[in-house]
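In what follows, a single structure is set out as structure tokens and then discussed.
Letters go in sequence order (proteins before strands), and every chain restarts at 1.
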Protein chains: 4
Amino acid sequence: MRLYGIDIASRLMLGTAQYPSPDVLAEAFRRSGAGIATVSVRREAGGERAGATFWDLVRDLGVTLLPNTAGCHSAREAVTTAQMARELFDTSWIKLEVIGHADTLQPDPFGLLEAARILVEEGFNVFPYTTEDVVLADRLLSAGCEVLMPWGAPIGTGLGLTNVYGLRTLRAQFPEVPMVVDAGLGLPSQAAMAMEMGFDAVLLNTAVAKAGDPAAMAEGFARAVEAGRLAYQADPMEPRDMAAPSTPVIGKAFLT
Amino acid sequence: MRLYGIDIASRLMLGTAQYPSPDVLAEAFRRSGAGIATVSVRREAGGERAGATFWDLVRDLGVTLLPNTAGCHSAREAVTTAQMARELFDTSWIKLEVIGHADTLQPDPFGLLEAARILVEEGFNVFPYTTEDVVLADRLLSAGCEVLMPWGAPIGTGLGLTNVYGLRTLRAQFPEVPMVVDAGLGLPSQAAMAMEMGFDAVLLNTAVAKAGDPAAMAEGFARAVEAGRLAYQADPMEPRDMAAPSTPVIGKAFLT
Amino acid sequence: MRLYGIDIASRLMLGTAQYPSPDVLAEAFRRSGAGIATVSVRREAGGERAGATFWDLVRDLGVTLLPNTAGCHSAREAVTTAQMARELFDTSWIKLEVIGHADTLQPDPFGLLEAARILVEEGFNVFPYTTEDVVLADRLLSAGCEVLMPWGAPIGTGLGLTNVYGLRTLRAQFPEVPMVVDAGLGLPSQAAMAMEMGFDAVLLNTAVAKAGDPAAMAEGFARAVEAGRLAYQADPMEPRDMAAPSTPVIGKAFLT
Amino acid sequence: MRLYGIDIASRLMLGTAQYPSPDVLAEAFRRSGAGIATVSVRREAGGERAGATFWDLVRDLGVTLLPNTAGCHSAREAVTTAQMARELFDTSWIKLEVIGHADTLQPDPFGLLEAARILVEEGFNVFPYTTEDVVLADRLLSAGCEVLMPWGAPIGTGLGLTNVYGLRTLRAQFPEVPMVVDAGLGLPSQAAMAMEMGFDAVLLNTAVAKAGDPAAMAEGFARAVEAGRLAYQADPMEPRDMAAPSTPVIGKAFLT
């Protein structure tokens, strides 16, 4: 998988928040084989949990870092946060979140597009966290985004793919664009399903960090992503309504 | 996983019918790591495709063989076929199919129970292919079956789990009994889901044999089964309706 | 709709248990226009709520009575209860329930078939409460049942149609047999869906009796049953994946 | 139901396109009891099917007319069309469609908001055809729209409610705003479900016009809308996982 000119080995991306301990975080990454870690700029820049310890931890993961603008509620906030991310993490990659709604943390289509335009202009490689809206997707691509990150369900809900029809439509509409299902997944089967539908990768955090055994769950998601990708490439059978014997019976006569 | 006193390493079981070639069958088994192969007694016993070649092939897979009574439509037929299987394959294991309906290949609850009673009596280790019916399940267990194989969907349809509620109920009702979801799966995500629901294994054939690339699909299902099992054991998060930020924001002030 | 030679005007059948008061029960029946009321023989025959009052109430509804064997857990119990029903209500109609599982109140396929055979033999018109099992359905029909009453979901759950695929299969398999979806419905939309699928009627109790306003809910279900029946007969459009403008645009030029 | 100060008796709104004949259209309206008819301005303004005949027909329906801007792909087009509608139909009501995507006819969130702002400014009562996007909904309300018309599925597909979770969220977020599920419905049960979810009305066209018997289907949808509304107001039971006997058994002893 190639994102903004960089080859990424794993199709699983993992967030770095909410783990019970730094050791568990590190172990979850190790077992997941994730190739990309998202990190919150805001947590890095200030606040009680921030600081050298976390920063060292994340750096030691040995994965590509994708800073995000989590917690930003306007284009202006997001742009400022992205600029800070570029300095802090020395990367032009930015996962762009502009939240428009407190209860669902739904992306704000207007602020998102505005911020994406500004950031592309400033040379960023933008990974927009978006909805399944095909018109918004089209605008983001026109603005210079080369990757889309549609949500599966609201952040942290674990509901899986709440709008399968919408996601299928989005996937079909832009077959050449790398797309990552981001947020809302709760179980590996849901990640496998996203991959079977032709999405290029999945990004998650809560389902791993809040599992009873985060490292085992991380490995579970990694296996599911591989499973779904293999199936997508292997040309699955068409489902049918009526049964067909998997074991055709030939020699009935021998029983009489 | 322990079935009738035998430890089985893999939780994926694979059928041996419908592959495009013997080589593809062997490669699919290799990549799947399946621990159990089902084989049709009737095909072995007669008919054009039967014979030494297929028999050698299956033996060379190096897996535990589970002969089945596919194609039997009465208890009498199934019992006779099981007896033949014991001689042919030198095993007391038998996957018991008694088909009661031509279009769906639905198990016949009456014939199934009758045949199970007879075969247990004769010392067989019976793996009954059954529906999600909890009363039937209870009778099969009382008859001496130690494993249940409820269907996901009719054989060969690839529809996945058509009655999730019924399967959940069955699983919850007999928590100690090994259960294998058998038939109807079309995609790895469905296998992962069955495992996440607490089933002990899955058995499939058509979804692998009829995929464009059977060996890759076999590996996909193997990864999905591992994914689902890991998730089941890792204590998943509870889904919730409202969003929760995976990245809590602490230091908002730094932006002002 | 003709059931055992009797024309029934309404396709909604209503139970008589659990209402907050006799007046509410009577009002619910009035607004529902239900043509058939089920009554529990056991409640009639004994117990604190039984007696002349309830009996008079039900008689005054002016609907056809269908006594049931609710609460019976064996063929013997059910047969005895049915015989009592014939005396009490002076009818050969009996809704046959033989419960096989405490948590789901699932019908016991074995006891149900046994009791159905005995009762048909004794001249009853049997309405078996059954699952979506097509083999069991076939046996019940062979035993002389002329109507089937498959469950939508376990009694009292309000879950709707938990196995749509199974119900569709059952409906398709016996196109000439009157079938009533019985139990598990919680909302009118679910009743409409059952009717759209080609079922001939629905029977419910809890969803009406336990609603905040049972009489309004009864009317809601009545409207839904009419809606679904009208749709079934009106030859619905085929769903399609892609949008088609409902308002074709012809004269675009006028805007330029 | 009160929309922009006008009391509307029926909660079913019907489109006027695609009927096999004017007589069938009139009969469908009669049997549906619909209180509002949508009409395409563009068809009225030009093109082969337009003209005095259709205009007279629609006027004779005796219902409130809601002209739409179907077929408009930009805010400018939609505004011009709305202005024309005001003259033609002598009403300030306008169903605002700004299509942003050819295959799904998805509303364009940007053009829609822009057009809504202009039209409200000009004194129109705007009924925006929108998605389930809560941020867009919030902007449309801020722009002065007093009603929202979220889609159920893409126009003309008959798929029903493709994003139940999203629609529930939208409904919950703005409890005081009249909302009409508009487009994509194929069967009455889907309309009933929308009403049970608390939507105030539904608008459809293709499912009626393209049914084998449009008038019967129109009546079916009318009954379903009533059913769903009654249920919504009647305080439905809570679904539960386990069965509960609707007929509690009291006097078991009498059978022994």
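Residue contact with chain B, scored on non-hydrogen atoms closer than 4.5 Å, involves the side chain of A:Glu196 exclusively. Heavy atoms closer than 4.5 Å to chain B are found in the backbone of A:Glu238, but not in its side chain. If you measure heavy-atom distances from B:Gln106 to chain A, you find no contacts under 4.5 Å at all.
Note on A:Met195, A:Met193, A:Met217: by heavy-atom pairs under 4.5 Å with chain B, the leading option is A:Met217. No other option in A:Ala222, A:Ala192, A:Pro239 has as many heavy-atom pairs under 4.5 Å with chain B as A:Pro239. Among A:Asp213, A:Thr162, A:Val225, the residue with the largest count of heavy-atom pairs under 4.5 Å with chain B is A:Asp213. Between chain B and the residues A:Pro236, A:Gly212, A:Ala234, the most heavy-atom pairs under 4.5 angstrom are made by A:Ala234. Most heavy-atom pairs under 4.5 Å with chain A, from the set B:Ser189, B:Gly184, B:Gly160, B:Gly158: that is B:Ser189. With chain B as the partner, the residue from A:Leu187, A:Thr38, A:Leu159 showing the most heavy-atom pairs under 4.5 Å is A:Leu187.
Across every non-hydrogen atom of B:Asp241 and A:Thr157, the tightest pair is O-CG2, 4.0 Å. Residues A:Gly220 and B:Ala227 approach most closely at O-CB, 3.1 Å, considering heavy atoms. Counting all heavy atoms, side chain and backbone alike, B:Arg223 lies closest to A:Glu226 at CD-OE1, 3.1 Å.
In A:Tyr232, the OH atom is not crowded: 12 or fewer heavy atoms of neighbouring residues, nucleotides or ligands sit closer than 6.0 Å.
In this structure B:Phe127 satisfies the ring-ring contact (aromatic ring centres under 6.0 Å, His included) test together with B:Tyr4, B:Trp93, sequence neighbours excluded.
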